[in-house]
Protein chains: 4
Amino acid sequence: MTQLVTRPARRARSDQAILAATRELLEQHGVRGLTIEGVAERSGVAKTTIYRRYRDRDELALAVLIEDTESFRTPPDLGDTRKELLAFVKEATEIILRGSVIQGIASEVATNPELGQAYRERIIDVRLAEVGEIVARAIERGDLRPDTDVRVAHELLIGPLMYRLIFSGRPLNRRHAAQVVDAVMAAYAPAPAATKKRR
Amino acid sequence: MTQLVTRPARRARSDQAILAATRELLEQHGVRGLTIEGVAERSGVAKTTIYRRYRDRDELALAVLIEDTESFRTPPDLGDTRKELLAFVKEATEIILRGSVIQGIASEVATNPELGQAYRERIIDVRLAEVGEIVARAIERGDLRPDTDVRVAHELLIGPLMYRLIFSGRPLNRRHAAQVVDAVMAAYAPAPAATKKRR
Amino acid sequence: MTQLVTRPARRARSDQAILAATRELLEQHGVRGLTIEGVAERSGVAKTTIYRRYRDRDELALAVLIEDTESFRTPPDLGDTRKELLAFVKEATEIILRGSVIQGIASEVATNPELGQAYRERIIDVRLAEVGEIVARAIERGDLRPDTDVRVAHELLIGPLMYRLIFSGRPLNRRHAAQVVDAVMAAYAPAPAATKKRR
Amino acid sequence: MTQLVTRPARRARSDQAILAATRELLEQHGVRGLTIEGVAERSGVAKTTIYRRYRDRDELALAVLIEDTESFRTPPDLGDTRKELLAFVKEATEIILRGSVIQGIASEVATNPELGQAYRERIIDVRLAEVGEIVARAIERGDLRPDTDVRVAHELLIGPLMYRLIFSGRPLNRRHAAQVVDAVMAAYAPAPAATKKRR
DNA sequence: GACTAAGCGAGACGGTACGTCGCGTCTTAAA
DNA sequence: TTTAAGACGCGACGTACCGTCTCGCTTAGTC
């Protein structure tokens, strides 16, 4: 126990070098250009050392993605549901685009059960919790229906992003984010009785 | 030109053998287990012959997917927008699940521009047209707002499917399809003033 | 059938390049410096191609040794048993020293059954036949006893060579060859006429 | 020097553990299965500690061999040259077969000068002295010629053993030992009385 | 019905990267 | 001071497929 805790120096140096090199390669050559051998060469870290940490290339790429996700800033109570949802989508978009990792590991995440589980636990669950908080506040404010399904709402927010990113290739921008957010808000808007009052 | 026209016999036999073997491998071992060498061995077709038709493995996988998509049955006018949208989602789900090809080539489609273009032209555009027709009829019926954005509606319908398929790993079933369809219909429901009159 | 026979061109070119590079490496850096990767680089032949022919480094080294052995010139009937045995020992010595391969694969030959079998069939048996002919002629001439054990004679001739080569490190020269040959001739000398008297 | 003298306790414990584990691995998996890492694991001794004592794997293997050789029992004056030579060959055979180390380090001894020197000083010279004594007594008894070359006699006795062990794979047994001993005795037999007549 | 070029099978080949093994060095904490 | 523990850089291993390249055989459609 003491050893792992008290002697992180070498580990930390290698860890950092590996992730930095991985990021560089991802940004410069995309996921196709991400190679363990390439990371080893660029980072000055031995291939063996990389394999001691990550089972394979996909796990390494996921690690970068997770690190990014951990920087996800919880959108605070802005007093405005639409603003909060927009902030959420923008933050997600930013992380998704950074490094362009997701496109590359999508197939792996979908195919490799262990990787999929890691993705779910380390990334999806984090975002789901965010949406949960936003939705809870929105319900309290009367902006969304009390029976709003958080998971489906989350899918409606993120699914289109991913679809554009991976399949349709269309751009992820403010306009699209607004369109999606508006659709979700309309979809889960409270019953019309309340609407009457508003208009 | 003359070649393809005048000597279709042998070509056709090889074509068929290649696609059949590809399908088998995809179903049995997933996309990771799809290799040109494997297809050659299983189909009894020479590697050279495969490469004469498909630039690489991903193009081959896409070919299978396109073939499936071409069987997409246009949902006819059912007189009921919700039923038509459900039929669309179900049909899409079926194709998506068949062969489990999409998960495997997602990363390629996202990464390889030529493949991406092919995917868009041969698959997305086909479905987009379907949604367009359904939405047009729905607008006519007064079920959806006249300014409904077909592309975004399409993303809201398909995006969650893909998200489940690739990332969250949750099941694609009737209940989920209904949730998504209902959300889209609510999102693009005509302005409430009109609603009062109708009901 | 026709194919294998009529299309040896590429094979032959690779074969030759591989063996040439192997020989160079053996002569320059000894067996320790013999690496499949090194051979690949030096020969311009892909590693894969080498592995298609030789299971591993030792098999490759043995191939060189076998090629050398196949050039073994059968010492003709010189009319003189001592001269013939000396010619045999000299020839063997020359091949043994050429390339210094034997020292390096000795352990493998001793340890790996398949390699050992190959060594016996392709190398030992060849030499054993030589000794057999020489001994046969010697017996006819009355230079060696009719019951001379060819195999033991062979061991007495070659064993000391190998012992010097591998263990004692002493030089293999004409003097030593003569000492060994003389010992063998004395050991299997026919009973002198005097023997009659003794018994 | 002081170290070895003043703190022998821990050293000795490690020494013993290392050699024991080495022996086990050699016997169970042959020389190919002898690795420093394996010895460390099996012995509970740190790799570092092994490297403090032995430069590399071969030196370690040699250490085991030397230990065995040091148990070589000098064949006493049996009053019979043939019996003494047979005893010598049998003793050598026994040590050679024990642990099957020699086959594995043969290539190293032949290739690595330092190892070769150690082998000569610690093993060959010991046996050479044995043969020297036996030959000396034999000459005195009139069983061997006074000009018998001890070194060559030694090579004729041991060379065939090694040749069988490493190359021909034939068995080392009493019959073979007798054949070799008889050959050596015949080779260096004193000129018979009859010889006078011949010359 | 024989001819002839397109299409094909077979598979050798150079190449990239894989993931693994064991080496020998180095650093650190505990004994 | 010596040790156990183990991280590390390193070199090579043997493997899997890649995509390219001959090379003859097969055969469909023409003459």
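Chain A is the first sequence line, chain B the second, and so forth, proteins listed ahead of strands; every chain is numbered from 1.
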Which whole-number value in Å describes the distance from [X] [atom1] to [N] [atom2]?
| X | N | atom1 | atom2 | value |
| --- | --- | --- | --- | --- |
| A:Asp56 | F:dA16 | CG | P | 17 Å |
| D:Ile50 | E:dG22 | CD1 | P | 14 Å |
| B:Arg11 | F:dG29 | CZ | P | 13 Å |
| A:Arg32 | E:dC18 | CZ | P | 12 Å |
| C:Asp15 | E:dA12 | CG | C1' | 11 Å |
| A:Asp58 | E:dC18 | CG | C1' | 12 Å |
| A:Tyr51 | F:dC8 | OH | C1' | 17 Å |
| D:Arg42 | E:dG22 | CZ | P | 14 Å |

query: Run the side chain to side chain contact (heavy atoms under 4.5 Å, CB included) check on A:Val109 and A:Ile102 step by step: do they pass?
result: CA-CA 9 Å; A:Val109 168; A:Ile102 285 194; over 6 Å; no

Exercise for the section: Output yes when a side-chain donor or acceptor of A:Thr49 lies under 3.5 Å from a complementary backbone atom of A:Val45, and no otherwise. Expected result: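 No; zero donor-acceptor contacts below 3.5 Å.
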
(Q) Tell me if a side-chain donor or acceptor on B:Ser43 pairs with a main-chain N or O of B:Ile18 at a distance below 3.5 Å. (A)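 Judged by distance alone, no pair lies under 3.5 Å.
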
### Message
OP1 or OP2 of F:dA28 versus the side-chain N and O atoms of B:Arg13: is any pair under 4.0 Å?
### Response
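For F:dA28, OP1/OP2 do have a side-chain N/O of B:Arg13 under 4.0 Å.
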
Dump every N/O contact between nucleotides 10-12 of chain F and the protein below 3.5 Å, one line per pair.
unit_1 : atom_1 : unit_2  : atom_2 : d
F:dC10 : N4     : A:Thr48 : OG1    : 2.2

Original post:
When B:Arg42 is tested against each of B:Glu37, B:Glu24, B:Glu27 for salt bridge (charged side-chain N to carboxylate O under 4.0 Å, His left out), which residue passes?
Top reply: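 Checked B:Glu37, B:Glu24, B:Glu27 against B:Arg42; only one passes salt bridge (charged side-chain N to carboxylate O under 4.0 Å, His left out): B:Glu24.
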
Salt-bridge contact A:Glu59-A:Arg53 (side-chain N to carboxylate O under 4.0 Å):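 Here A:Glu59 does not pair with A:Arg53 in a salt bridge, since their nearest N and O are not under 4.0 Å apart.
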
Taking C-beta and beyond as the side chain, do D:Ile66 and D:Tyr119 meet within less than 4.5 Å on heavy atoms?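 Sidechains of D:Tyr119 and D:Ile66: no contact.
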
Using a heavy-atom cut-off of 4.0 Å across all strands, would you classify A:Arg53 as base, sugar-phosphate, or nothing?
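Sugar-phosphate only.
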
